[in-house]
2 protein chains.
Amino acid sequence: MLKLRQIYQMNNLHKLFFKAFSNQTRLEIIQLLKKEPLTVTKICDKTGFEQSRVSHNIKCLEHCGFVKATQNGNFREYALDKETIIPVIDLFEKHIQKYKERLKTCKIIT
Amino acid sequence: MLKLRQIYQMNNLHKLFFKAFSNQTRLEIIQLLKKEPLTVTKICDKTGFEQSRVSHNIKCLEHCGFVKATQNGNFREYALDKETIIPVIDLFEKHIQKYKERLKTCKIIT
DNA sequence: TAAGCATATGATAAAGTTGTCATATAGATT
DNA sequence: AATCTATATGACAACTTTATCATATGCTTA
């Protein structure tokens, strides 16, 4: 009984983890932060995204432990928490290289 | 110019990759297949999921290179492609252990 | 302290995803 | 060949996620 619940919780956490990454906005932010720490405004400039779109999504990334913020007077500078994200992204490259055509043509995930 | 396009494509592939994992049905299937290869019917029995729900989602996992199928007369037995999935799942445990409370309380991803 | 920039946040319409139903296909068994 | 069992698939309603808008907060500098 308890075991079933544990399995459920585990899957649920996994789901949350992966959802954090399965969003265009958040992935583009991560991509940019791989190069250098940035403020919300600078991310907006570089991506063309609406300011509130970036704020909402970076808040999610921060809350879930993927990025860290340092307050600098009026500014908040966001940086990747390299411990997790970099290895995660890098690990997937191999799979993506091998299966990219298949990923692109899947009818279920789009 | 080309570079921007490459970055876009890369993010798009990443997105597809993560989407494959950010679904309760597919995660539960992966969880079960970690133990042993199974048919659609057996997955239905173990999870209580509708047959077409399992078929649709396992097709996605197969198409994208996460599971392999072997035809056995009337049956198709699905097995995890251990090359990618096992290390992926395992890599995330650390992050999930550390940040589980935060993942659970994020308002953006649910 | 007023005005200006930087960022945050709640509500919601629009877009995207999911499970289910109905039905199809295809090998096995009678 | 008819039936049965296993799996696959298209369509679509229900549900979920997203970006945007309007507005709020809060630091900074005149």
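Just so it is clear, the values below take in all heavy atoms, side chains as well, and ignore hydrogens, waters and symmetry mates.
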base_contact_polar (dT5(D) base, N74(B) side chain, donor-acceptor, <3.5 Å): yes
R76(B) versus T70(B), side-chain donor and acceptor atoms under 3.5 Å: no
T41(A) side-chain N/O to dC5(C) phosphate OP1/OP2 under 4.0 Å: no
Plane angle bin for F17(A) and F21(A) - parallel if under 30°, tilted between 30 and 60°, otherwise perpendicular: tilted
Phosphate OP1/OP2 of dA19(D) contacted by T25(A) side-chain N/O (<4.0 Å): yes
Presence of N23(A) side-chain N/O under 4.0 Å of dG16(C) phosphate oxygens OP1/OP2: no
Phosphate-side-chain proximity, R76(B) and dA26(C), N/O vs OP1/OP2 below 4.0 Å: no
Distance-only donor-acceptor test, Q51(A) side-chain atoms vs dA6(C) base atoms, 3.5 Å: no
Nearest-angstrom distance from the residue atom CD of E77(A) to P of dA6(C): 14 Å
K68(A) atom NZ, over 12 foreign heavy atoms within 6.0 Å: yes
Atom-pair distance (CZ on F49(A); C1' on dC21(D)), nearest Å: 18 Å
Gap between atoms CZ and C1', on F18(B) and dG16(C) respectively (whole Å): 19 Å
N or O in side chain of N57(B) less than 4.0 angstrom from dT18(C) OP1/OP2: no
Any Y78(B) side-chain nitrogen or oxygen under 4.0 Å from OP1 or OP2 of dA6(D): no
Check ion pair K42(A)-E36(A) (N to O, under 4.0 angstrom): no
